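The structure appears below as structure tokens.
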Amino acid sequence: MAKILIIDDDSLLCKTLSRMVEKLGHDYTATHTLKSGYSSLRSDVFDVVMLDVQLPDGNGLDLIPDIKKLKNSPEVIIMTGAGDPKGAELAINAGAWDYIEKPSTVNQMMLPIMRAVDYRKRQKDRAPSLLVQRENIIGSSQRITDALNQLSLAATGDVNVLITGETGTGKELFARTLHENSARAKKPFVVVDCAALPETLIESILFGHEKGAFSGADKAQAGLIKHADGGTLFLDEIGELPLSMQKTFLRVLQEHRFKAVGASVESGSDFRLVSATNRNLEKMVEEGTFRQDLLFRITAFSLELPSLRERKDDIFELVRKRVEMLCERYASEQKGFSPDFLHAVKTYSWPGNVRELFNAVTQAFTVAGPEPILYPHHLPRNIRTAAVKSGISVKKVDRIPAQTPKTDDFDSDDLLSFREYMAEGKNKLERHYIQKLLNETNGEKQKACEISGLSRPRLYGLIKKHGLS
Amino acid sequence: MQLFFYWKQDSDRSTEMADLARSLSDQESILFHTMYKLGNWLRFKTTGNLIGILKISDIYELQEMITGDYYFGETKLFLLLPDENELTIRLAHMLYPRFVSCSRNSEADVKMMIDKILTLEKEGGYISLPNESD
């Protein structure tokens, strides 16, 4: 029995849909606003949400991202106005499972619901993630969990996979994990570093060569494609593959046959292709530097890895595991971290992602030496600076009074001498500042001294001078 | 970025390996002739992006590198193999090398690839982030 949530401001339609859902043997909840719908989603677990677009407190499409973020996020069926093809397109692009045009017949409304419920049932009945080995992929945030779920799906099949993500996000690690969890795990995982391959060597490295094929070819040698026979061929930085080689490689992908340099007959290789890139291949296709047909071929399954900024919840676990590994490697006592250390690593933006984080933690570990606790001053300078800057921008607000006295406050009926005028102004500013300082710190003198930079005797003196408490 | 080389002294083509190391000597590099010293250095090498060029003498060296405490981590490995037997190739790929060959002119190919990597590093970062210090 599935649970359906109906969010529509039309009470009559809500009643009709509710009766329909009941007839199908499922449970329902009906609400009439976005707010109440969202509240229901937060308090219960639903399989399907039927969501109207035009609601009194907003557009239903705006709720879809929040629905997708929920654990076991339900399938969303959008109810759009009739003759609104744009609305339907928007709905699907936003992640909706399906859409229903209003007004619709009962059958037209029932079918998407039945399909969505059936899909959910099959999802639930499916065995849990097939991922067995993932010990090197650390993290339990939603983003990395989603990526691992995608990986486990890809591992069950043999389709070509394209892994995308910023530098340092672990594309090769994911590729290896995919291989280790696939039916090809017992065969080789062969890496081709497309960025490092000189154009003059690509062909012979990939396809191999015959004896005498060129000067220095003293014997026949198999290429990497042959090495990957039965296993996985991993093309790292596939965006760096020269255009001329892309055409040849496309043919290899299509037919799994190739000719070694200098060979007269073709050879075969049964490999599964996994590629990776941090470049925008679609943009490269537009620019004419990457073949469209090759892109289609390599992207049968696409897996996007999140940046570290998108999975900040994993930072602590990543740091902890790294430190544990280092302690084990160097037979060192387990090290801890100060709260400031954790704040610093969480504050930094990590443009180099996990690789940069691991390098920084390793450096901190080394710099700390025998110290049992890691502090911010053990970290590389750029990370310390970023943490300090983020701290200063907060403190600055606390230090400067929100309002400074207006100049009119200093005016008096009699024109004072310049010195007297300045002294009176200074007095007023002083009083104003100390009063504000005491208010902000609830009279805590220690805190007041820290923020203002005044010594305790000086602070007490100013309090007494201006008759403050 | 740092290069490290390994080959057994007096092994086949050790002269060619020495020539290769010399041709790349303007890059920070270190030479090892025993696996023990290589393993020890790798264990305590905590910083820097590494490229390792290893001339493997026999299958036992490969097995030792795979099963022993050799902390290659993210090191980009270039392996020059003693033969092209299926088992040798299989074991070699367990180290996830960037280059694998048993040809006699492999050293020249390795030099070409490393020159390209070094150029990429200077231009905008191949292993390192731009402006990342070792």
Side-chain angles (χ1 to χ4, degrees), chain A residues 167-168 172-173 175-176 186-193 195-201 204-205 208-209 211 214-224 226-229 231-232 234 236-237 240 325-326 329-330 350-353 355-356 358-367 380-382, chain B residues 42-49 51 69-71 73-74 76-79 81 83-121 123-134:
Chain A
T167 187
E172 184 170 336
L173 179 58
R176 287 190 215 169
K186 288 187 167 39
K187 294 286 186 170
F189 175 88
V190 175
V191 179
V192 179
D193 191 337
L197 287 178
E199 265 196 69
T200 48
L201 287 183
S204 92
I205 285 177
H209 60 253
K211 180 179 174 180
F214 46 80
S215 160
D218 59 311
K219 57 180 172 180
Q221 180 161 276
L224 294 179
K226 192 65 186 171
H227 287 181
D229 192 11
T232 302
F234 174 57
D236 196 11
E237 292 307 333
E240 305 300 323
M325 185 277 281
L326 290 166
R329 181 166 154 178
Y330 301 113
W350 302 110
N353 295 289
R355 181 186 293 134
E356 191 183 4
F358 280 174
N359 283 347
V361 170
T362 304
Q363 188 175 323
F365 184 92
T366 309
V367 167
R381 187 183 298 176
N382 56 326
Chain B
L42 284 169
R43 173 185 277 272
F44 293 102
K45 183 74 181 147
T46 55
T47 57
N49 296 308
I51 295 179
D69 290 336
Y70 289 84
Y71 293 91
E74 289 208 359
K76 309 288 181 186
L77 289 176
F78 289 68
L79 301 181
L81 303 176
D83 56 67
E84 212 185 10
N85 294 333
E86 194 185 327
L87 182 58
T88 308
I89 300 291
R90 271 253 206 121
L91 288 174
H93 282 296
M94 288 174 80
L95 293 170
Y96 309 114
R98 305 296 116 166
F99 177 88
V100 166
S101 177
C102 62
S103 286
R104 292 194 79 77
N105 67 338
S106 302
E107 293 84 3
D109 292 346
V110 169
K111 171 94 172 49
M112 278 180 72
M113 282 186 74
I114 291 180
D115 281 343
K116 186 171 183 195
I117 289 171
L118 293 175
T119 307
L120 286 171
E121 265 297 285
E123 284 170 3
Y126 163 71
I127 300 175
S128 313
L129 295 175
N131 302 319
E132 186 184 83
S133 56
D134 280 356

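To find a chain, count down the sequence lines: A is the first, B the second, and so on, and within it residues start at 1. Just so it is clear, the values below take in all heavy atoms, side chains as well, and ignore hydrogens, waters and symmetry mates. As the structure is a computational prediction, the values presented were derived from the model and not from experiment.
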- Query: Can you tell me how far the CG atom of B:L120 sits from the CD atom of A:E237, to the nearest 0.5 Å?
  - Reply: 10.0 Å

- Note on the structure: Bottom line for A:S215: the part with an atom under 4.5 Å from chain B's heavy atoms is backbone

- Query: Just wondering, do A:E172 and B:Y96 contact through their side chains at under 4.5 Å, heavy atoms?
  - Reply: yes

- Message: At a 4.5 Å cut-off on heavy atoms, which part of B:S101 comes close to chain A: side chain, backbone, both, or neither?
- Response: both

- Task: Answer whether the closest heavy-atom distance between the side chains of B:P97 and A:V191 falls below 4.5 Å.
- Result: no

- Query: Taking the side chain from B:E84 and the backbone from A:A222, do they hold a donor-acceptor pair closer than 3.5 Å?
  - Reply: yes

- Query: Checking A:I205 against chain B: side chain, backbone, both or neither under 4.5 Å from a heavy atom?
  - Reply: side chain

- Message: One pair to check against side-chain contact (heavy atoms from CB on, under 4.5 Å): B:K116 and A:E199. What are the steps and the verdict?
- Response: CA-CA 10 Å; B:K116 186 171 183 195; A:E199 265 196 69; over 6 Å; no

- Which residues share a side chain to side chain contact (heavy atoms under 4.5 Å, CB included) with B:K111, sequence neighbours left out: B:L20, B:S23, B:L24, B:D115

- Sort out for me which of A:V192, A:L197, A:T200, A:L173 touches chain B most, counting heavy-atom pairs under 4.5 Å. A:L197

- Separation between CG (B:L81) and CD (A:Q221), nearest 0.5 Å, reads 8.5 Å

- Message: Please rank B:A108, B:C102, B:A92 by heavy-atom pairs under 4.5 Å with chain A and give me the top one.
- Response: B:C102

- At their closest point, which heavy atom of A:K187 faces which heavy atom of B:R90, and how far apart are they? NZ-NH2, 4.0 Å

- Task: Go through the steps for B:H93 and A:L224 under the test side-chain contact (heavy atoms from CB on, under 4.5 Å), then give the verdict.
- Result: CA-CA 10 Å; B:H93 282 296; A:L224 294 179; 3.9 Å; yes

- Which residues pass the side chain to side chain contact (heavy atoms under 4.5 Å, CB included) test with A:D193, sequence neighbours left out? A:A195, A:A196, B:R98, B:Y126

- Shortest non-hydrogen contact between A:P198 and B:M113, atoms and distance: CD-CG, 3.5 Å

- Task: Measure across B:V100 and A:H227 and return the closest heavy-atom pair with its distance rounded to 0.1 Å.
- Result: CG1-CE1, 4.1 Å

- Query: Which region of A:K186, side chain (C-beta onward) or backbone (N, CA, C, O), has a non-hydrogen atom less than 4.5 Å from a non-hydrogen atom of chain B, or is it both or neither?
  - Reply: backbone

- Item | Region of A:D236 in contact with chain B, defined by heavy-atom distances below 4.5 Å | side chain

